Amino acid sequence: MENQEKPKALIVIFGATGDLAKRKLFPSIYRLYQNGKIGEDFAVVGIGRRSWSNELFHTNVRNSLGDDVSGKEAEAFVSHFYYHPFDVSDSSSYENLGTLLNNLESEYRTEGNRIFYLAMAPQFFGTIANNLKKHNLKSETGWSRLVIEKPFGHDFESAKQLNDQITSAFDENQIYRIDHYLGKEMVKNIEVIRFANGIFEHLWNNRFIANVQITSSESLGVEDRANYYDLSGATRDMVQNHMLQMVTLLAMEPPINLNPEEIRSEKIKILRALRTIDEKNIDDYFVRGQYGPGKMHGRKLRGYQEEAEELQNSDTETYVAGKIMIDNYRWAGVPFYIRTGKRLAEKCTKIVVEFEDIPLNLYQEEQSEKSPNLLVINIQPNEGVTLYLNAKKPGVSSYSEPIKLSYTHEAVNSVNTPEAYEKLLHDCMIGDTTNFSHWDEVSLSWKFVDRILNRWSKEEPDFPNYAAGSMGPEEADNLLKNDGFHWWPVNNEEE
Ligand SMILES: NC(=O)C1=CN([C@@H]2O[C@H](COP(=O)(O)OP(=O)(O)OC[C@H]3O[C@@H](n4cnc5c(N)ncnc54)[C@H](OP(=O)(O)O)[C@@H]3O)[C@@H](O)[C@H]2O)C=CC1
Ligand SMILES: O=C1O[C@H](COP(=O)(O)O)[C@@H](O)[C@H](O)[C@H]1O
């Protein structure tokens with residue numbers, strides 16, 4: 001990993017007229033600039049087919065920064081942007097791109113460092129990577145990095161094909177596969193909470209932890225991404241990447257140091273230890289759902305199939321819950337429950353670690369009520385950690401009641417938490433691959449979810465099976481009930 005205070009680079013964004021560039025990439029580069037994480041030695045080349053002028057590109061970049069950003073600083077920022085229209089499948093156009101990059105390189109003193117950010121549909125990844133190599137656009141004097149957006153394949157086979165294509169042009173250590181959850185402050189905090197606190201790490205095993213629950217619920221529906229989402233579904237969209245990445249961070253052994261390779265190697269061991277579920281038993285471990293009409297905050301909501309014409313009769317899952325078992329020495333017998341879905345009651349990502357309860361609580365009014373200690377890691381929208389303990393109820397009784405010790409990140413750190421994309425772009429510029437997915441992680445995750453999806457593809461689901469605005473289908477509750485557990489509430493007011 002390099003230790004550059006202010007990295008210098010040319011950033012080439014393929015798909016610069018698109019939604020991701022506008023909503024995430026330009027604002028993130030701006031924040032890096034504004035916060036002094038990058039200096040003046042950078043330029044951005046935007047590529048799309050639209051015949052925009054540089055001026056129109058500047059207007060779009062400026063607009064993407066929001067109403068609060070204007071004036072000299074915004075002008076200085078957008079002056080680093082250049083639009084270069086061409087169709088990426090036209091091999092002859094890459095020569096001109098090379099000339100532009102060479103010119104900008106000397107103007108902006110970027111020392112030959114190049115980031116190629118593929119913010120485009122995956123079918124173009126191989127073509128672009130090959131053309132970059134063929135036309136010698138990979139740097140000869142500095143470093144070259146290829147940033148790849150999701151989805152990385154549709155299943156293991158297609159992911160492998162895609163990987164073969166890009167690795168014929170770029171080495172694995174030049175490929176940065178984005179999983180934006182790995183850029184979230186509290187996801188990055190999982191390792192620190194675990195490995196910097198004796199009280200947790202000593203208890204972090206199957207003797208003291210009863211189960212782990214990871215919820216990533218969204219209140220939004222598919223919005224305008226119906227075309228993409230209906231081919232994907234919640235398992236490919238969220239489980240194969242974000243949810244399994246969180247599982248690995250929670251379950252991995254302490255790495256011998258914080259080098260990306262060491263951390264990755266521990267994460268990979270967890271993915272290798274995931275229980276291979278026999279297809280006929282998938283229903284005991286995984287539940288799928290799709291939302292029907294419902295209500296949220298008094299507002300009526302349409303069901304998934306009514307959200308767009310092409311979704312009629314769709315059997316794509318908008319919800320998944322699962323029980324993941326990690327068959328290794330530390331975790332044998334401890335279920336990691338995950339759930340994620342669209343149009344659920346709240347937008348919230350939260351991890352609850354439920355510790356084994358004491359055999360008998362002498363201070364509990366009703367012995368049937370359990371109040372085990374919980375460690376809650378709030379990932380979003382609130383960021384922080386809450387520890388649930390039991391303490392004496394105030395007053396004359398000697399009963400106990402749950403209390404909570406809460407740390408809220410925003411309250412302590414007055415600076416705004418960097419957005420995931422901002423953090424990841426900066427990591428890429430300094431060559432830190434820790435928060436990007438290695439091919440070994442991607443391939444093992446696909447193999448895991450492929451079994452579930454294969455099983456589901458053989459049986460028509462009974463959809464819709466949960467109401468928009470609810471917390472998902474009843475079967476997801478049964479997954480835990482059968483093991484003597486329940487989902488801990490995730491409402492944001494709780495913390
Ligand atoms: N949007 C989001 O929030 C997220 C997106 N992603 C992923 O990021 C990628 C981009 O998504 P998004 O921005 O939403 O997509 P959009 O459809 O909004 O943008 C696609 C971009 O690709 C360009 N493009 C398409 N075909 C060509 C071509 N033949 N030659 C040159 N440029 C071309 C378009 O430019 P033009 O029309 O000018 O040709 C446009 O800039 C996808 O892989 C998506 O899955 C991942 C996570 C979130
Ligand atoms: O990758 C994706 O993530 C978002 C959820 O991200 P978050 O940061 O808002 O939790 C999800 O809406 C989208 O479908 C998926 O592609």
Side-chain angles (χ1 to χ4, degrees), residues 12-28 45-53 56-57 60-61 64 83-91 93-94 97 116-128 131 147-154 162 177-187 214-246 304 316-320 340-344 346-350 378-381 383 417 419-424 437 490:
V12 185
I13 301 181
F14 289 88
T17 54
D19 176 72
L20 183 73
K22 185 176 70 192
R23 284 195 311 108
K24 298 287 182 190
L25 304 185
F26 303 150
S28 298
V45 175
I47 291 159
R49 283 167 307 181
R50 280 165 238 194
S51 55
W52 285 3
S53 62
L56 181 54
F57 187 43
N60 277 277
V61 174
S64 76
Y83 186 63
H84 187 71
F86 73 94
D87 188 321
V88 295
S89 16
D90 174 11
S91 182
S93 305
Y94 288 79
L97 175 63
F116 301 102
Y117 197 119
L118 309 193
M120 289 187 50
Q123 67 261 32
F124 294 111
F125 293 173
T127 311
I128 298 173
N131 275 305
V147 184
I148 299 214
E149 267 298 339
K150 65 178 288 198
F152 199 86
H154 188 73
L162 185 55
R177 295 178 195 81
I178 290 261
D179 183 317
H180 79 279
Y181 266 56
L182 296 178
K184 290 185 190 284
E185 187 65 21
M186 288 307 295
V187 172
I214 309 173
T215 300
S216 187
S217 60
E218 296 191 69
S219 48
L220 292 179
V222 277
E223 306 294 291
D224 51 4
R225 291 172 73 216
N227 285 337
Y228 154 75
Y229 193 84
D230 201 49
L231 288 176
S232 167
T235 315
R236 293 185 175 93
D237 190 45
M238 293 292 291
V239 177
Q240 183 272 335
N241 35 59
H242 314 317
M243 303 302 281
L244 284 177
Q245 281 289 341
M246 288 191 279
Y304 178 72
T316 296
E317 80 284 0
T318 59
Y319 177 99
V320 191
T340 181
K342 301 261 182 210
R343 276 285 187 243
L344 298 177
E346 298 234 12
K347 168 74 182 167
C348 176
T349 304
K350 192 169 288 212
N378 297 301
I379 290 169
Q380 62 185 14
E383 294 183 329
T417 308
E419 261 240 34
Y421 273 93
E422 179 185 343
K423 175 77 192 110
L424 293 173
S437 317
V490 292

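First listed ligand is number 1; within each ligand, the first listed atom is number 1. Everything quoted here is computed from the prediction, not taken from an experiment.
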What about Ala21: any of its N or O atoms under 3.5 Å from an N or O on ligand 1? no

Of Arg225, Arg49, Gln123, the one whose closest heavy atom lies nearest atom 26 (N) of ligand 1 is Arg49

Would you say Met120 and ligand 1 have an N/O pair spaced under 3.5 Å apart? yes

Out of all atoms in ligand 2, which are within 4.0 Å of some heavy atom of Asp237? Include the element for each. 13 (C), 14 (O), 15 (C), 16 (O)

What are the atoms of ligand 2, with element, lying closer than 4.0 Å to any heavy atom of Lys342? 11 (C), 12 (O), 13 (C), 14 (O)

Considering only protein heavy atoms, determine whether one is less than 4.0 Å from atom 17 (O) of ligand 1. no

Which residue and non-hydrogen atom of the protein lie closest to atom 10 (C) of ligand 1, and at what distance in Å? Ala119 O, 3.2 Å

Identity and distance of the protein heavy atom lying nearest atom 9 (O) of ligand 2: Lys347 NZ, 2.7 Å

The protein heavy atom nearest to atom 12 (O) of ligand 2 is Glu218 OE1, 2.6 Å

Which ligand 1 atoms, with their elements, are less than 4.0 angstrom from a heavy-atom of Pro151? 45 (O)

If we number the atoms of ligand 2 from 1 as shown, the ones under 4.0 Å from a heavy atom of His242 are 1 (O), 2 (C), 3 (O)

Under 4.0 Å from a heavy atom of Tyr181: which atoms of ligand 2 are those, numbered in the order shown and with their elements? 6 (O), 7 (P), 8 (O), 10 (O)

Glu185 bridged to Lys423 by N-O distance under 4.0 Å: no

Measuring from non-hydrogen atoms of Phe86 to any atom of ligand 1, is the shortest distance under 4.0 Å? yes

Which one of Lys24, Lys150, Arg23 has a non-hydrogen atom at the shortest distance from atom 44 (C) of ligand 1? Lys150

Taking side chain to side chain donor-acceptor pair (under 3.5 Å) as the definition, give me every residue that meets it alongside Ser93, ordered by chain and number, with sequence neighbours left out. Asp90

Just to confirm my output: which protein heavy-atom neighbour is closest to atom 6 (O) of ligand 2, and how far is it? His180 NE2, 3.1 Å

Taking both backbone and side-chain atoms of Pro122, is any N or O found less than 3.5 Å from an N or O belonging to ligand 1? no

Interfacing atoms of ligand 2 (cut-off 4.0 Å, heavy-atom, Lys150): 1 (O), 2 (C), 15 (C), 16 (O)

Test your reading of the model: is there a side-chain donor-acceptor pair from Tyr83 to the backbone of Arg50, 3.5 Å cut-off? yes

Under 4.0 angstrom from ligand 1, any heavy atom of Asp87? yes

Is there any N or O on Ile47 that sits under 3.5 Å from an N or O of ligand 1? no

Tyr228 N/O under 3.5 Å from ligand 1 N/O: no

Between Tyr319 and Tyr304, ring centroids under 6.0 Å: no

Any idea which atoms of ligand 1 are less than 4.0 Å away from a heavy-atom of Thr17? 34 (C), 35 (O), 36 (P), 37 (O), 38 (O), 40 (C), 41 (O)

Under 4.0 Å from a heavy atom of Arg225: give me the atoms of ligand 2 that qualify, with their elements. 13 (C), 14 (O), 16 (O)

Filtering Leu118, Asp19, Asp237 for the heavy atom nearest atom 15 (O) of ligand 1 leaves Asp19

